[in-house]
Amino acid sequence: MGKKGRGRQRRATEAPTAGWAGPAASASPGEVVSGAVDALVSGQEGGGVDLAAARLADAEDREWADAAGRALLSALLDAVASAWTRGWQPAETVRQVGRELGPVAAAVCADAVTSDLARHSPATVDPRWAEQVRDLGVSASWGRGEGYPAHVGTGHGLLRFEAVEVVLRVLAALRVLPPVRRLCPPPGAFRPGRPGAARSPERVDAGKLARVRALLAKAESTEFPQEAEALSARAQEMMARHSIDRALLAEEPGESEAASGRRLPVDAPYDEHKAVLLHEVAEANHCRAVWHQELGLCTVMGFPGDVEAVDLMFTSLLVQAETAMRASGSVRDRSGRAAGKAFRASFMSAFSVRVGERLVETARSAERAAQAETGTDLVPVFAAREREVEAAVAEAFGELTYSRVRGPYSEDGWVEGRAAADAASLGSRRHLP
């Protein structure tokens, strides 16, 4: 299956020799925050952290309360800025905090990400970064830092003490995020035209991508397998032809583009089979996928439009697979037992493999048709681009390992999964106008 990075997420699992006693009576709010986060990261939870949270939540002294609010928000802004230096981006940072601590913590992280963006001139922010922050849907409505603990408490139905504790745990989670490959310049570092800057609009035709999204949305919503098949096939054909057009354009003098990357979430359950599905979609679209199992992420490396196509198709196929799996999982297997975990895992495994076969068939058919129309031999064109992608993968990740996926345990699940993949098949041969 796909390549897997060697990096391991750091976790504080060592048992401390002595617990943290809590903040000194003379400690400033910033020192209290720092001490509590240090204790959480080193595993010294307990009374000391509780005392710190209670101290920071104390609202009787207005001056202290305001200073504590400012210290908490300042620490959050520093923490997300530190995450950016380790390669993390807004959406995946919020997601990772949510995976570790839950939705309230994710919302706190989203607050910090939004506030951090506001500190930078829009001209120095990569459009991809700004789009991720906008998609979080958060507005910095709490005013200055002193009002932040009340904002968290009111927004999530928490006591002030509980709100402060959530913020401290978010700070600890951000502190231990492992380094990842930088795929996008952080706020303040973006300069148009530099390597790694956002792609120019003409590279990826927004109108074509909108049509692809519309086709896939219809495929996800229809109850008729044959209709889903035709719509998904049409979408893959459009993406394949778009990739061909860009590849031919890149052959012209002064029109070259560079391979880049994007990290996509791959969530449990059945994450290893979903990673296989993403690998298959990436390979069919001249990209490569590297699975970071511990982080629940895959990095897709390729040329910008191809990476966009992989993102769209993978997301849509996940929806189609899960819809079909729910429908098939409601039946009983041949022995009369209700379909269980083994059935669903085998279903997703078969779906991923079969979809990969169909995607390659459709993409290569589109390439043969384009070659006949243009009279251009596309084999060396795509071979050169794929060498560039492989070089980008090697430069980004160095040595990689290949992991073997567990085989299917349920014959019924495997059969149903392949049938569902055929229903979502991408084998249409209709001519592209």
Side-chain angles (χ1 to χ4, degrees), residues 1-5 212 216 219-220 228-229 231-240 242-243 261-293 296-303 305-325 344-367 382 385-386 389-390 393 400-408 413-428:
M1 66 157 291
K3 303 167 184 174
K4 185 168 68 172
V212 168
L216 293 175
E220 294 162 20
E229 171 186 347
L231 292 166
S232 296
R234 176 63 171 161
Q236 176 60 38
E237 286 178 344
M238 288 184 67
M239 292 188 297
H242 194 202
S243 179
R262 179 181 303 184
R263 278 188 290 270
L264 302 179
V266 180
D267 293 311
Y270 321 117
D271 52 343
E272 61 182 352
H273 302 303
K274 292 174 183 177
V276 170
L277 176 60
L278 180 52
H279 167 76
E280 297 289 351
V281 176
E283 293 284 324
N285 287 280
H286 307 288
C287 296
R288 300 293 180 266
V290 179
W291 184 27
H292 316 279
Q293 185 175 11
L297 295 167
C298 268
T299 300
V300 178
M301 300 292 292
F303 288 91
D306 296 334
V307 173
E308 188 81 37
V310 171
D311 190 350
L312 290 172
M313 181 59 72
F314 173 64
T315 303
S316 176
L317 288 173
L318 273 184
V319 173
Q320 294 185 54
E322 290 170 359
T323 299
M325 184 163 54
R344 293 190 292 272
S346 300
F347 181 103
M348 185 60 75
S349 176
F351 183 93
S352 301
V353 172
R354 183 56 180 157
V355 158
E357 297 168 356
R358 304 298 286 176
L359 282 168
V360 170
E361 291 172 11
T362 300
R364 301 306 171 254
S365 176
E367 289 169 15
F382 277 113
R385 287 168 72 84
E386 289 184 5
V389 172
E390 290 289 359
V393 172
L400 293 167
T401 62
Y402 286 80
S403 60
R404 190 178 294 274
V405 177
R406 291 188 296 271
W414 180 265
V415 171
E416 289 290 341
R418 285 187 69 87
D422 283 330
S425 69
L426 310 172
S428 171

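All heavy atoms count here, side chains included; hydrogens, waters and symmetry mates do not.
In this structure, Val307 and Met301 approach most closely via the heavy-atom pair CG2-C, 4.2 Å. Shown here for Ser352 and His273, the closest heavy-atom pair between the two residues is OG-O, 3.0 Å. Annotation for Val266 and Ala275: closest pair CG1-N, 3.8 Å, computed over non-hydrogen atoms. Across Ala321 and Phe347, no two heavy atoms sit closer than the pair O-CE2, 3.6 Å. For Pro265 against Phe314, the heavy-atom pair with the smallest separation is O-CE2, 4.0 Å. In this structure, Val389 and His286 approach most closely via the heavy-atom pair CG2-O, 3.9 Å.
Residue pairs meeting the salt bridge (charged side-chain N to carboxylate O under 4.0 Å, His left out) criterion with at least one partner in residues 278-287, sequence neighbours excluded, are Glu283-Arg288.
For the side chain to side chain contact (heavy atoms under 4.5 Å, CB included) test with Val300, the passing option among Asp306, Val310, Val281 is Val310; the others fail.
Residues Met313 and Leu359 form a side-chain contact, since some pair of their non-hydrogen atoms from C-beta on lies under 4.5 Å apart. Between Leu278 and Lys274 the shortest side-chain heavy-atom distance does not fall below 4.5 Å.
A donor-acceptor pair is defined here as one N or O able to donate and one able to accept, closer than 3.5 Å; no such pair exists between the side chain of Ser365 and the backbone of Glu361.
If you take NE2 on His292 and SG on Cys298, they are separated by 7.0 Å, rounding to the nearest 0.5 Å. For the atom pair CG of Asp311 and CG of Leu264, the computed distance is 4.5 Å after rounding to the nearest 0.5 Å. If you take SG on Cys287 and CD on Glu386, they are separated by 9.0 Å, rounding to the nearest 0.5 Å.
Residues that satisfy the salt bridge (Lys or Arg N to Asp or Glu O under 4.0 Å) test with Asp271, not counting sequence neighbours, are absent from this structure.
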**Report entry** side chain to side chain contact (heavy atoms under 4.5 Å, CB included) assessment of Glu272 paired with Trp291
**Finding:** CA-CA 9 Å; Glu272 61 182 352; Trp291 184 27; 3.6 Å; yes
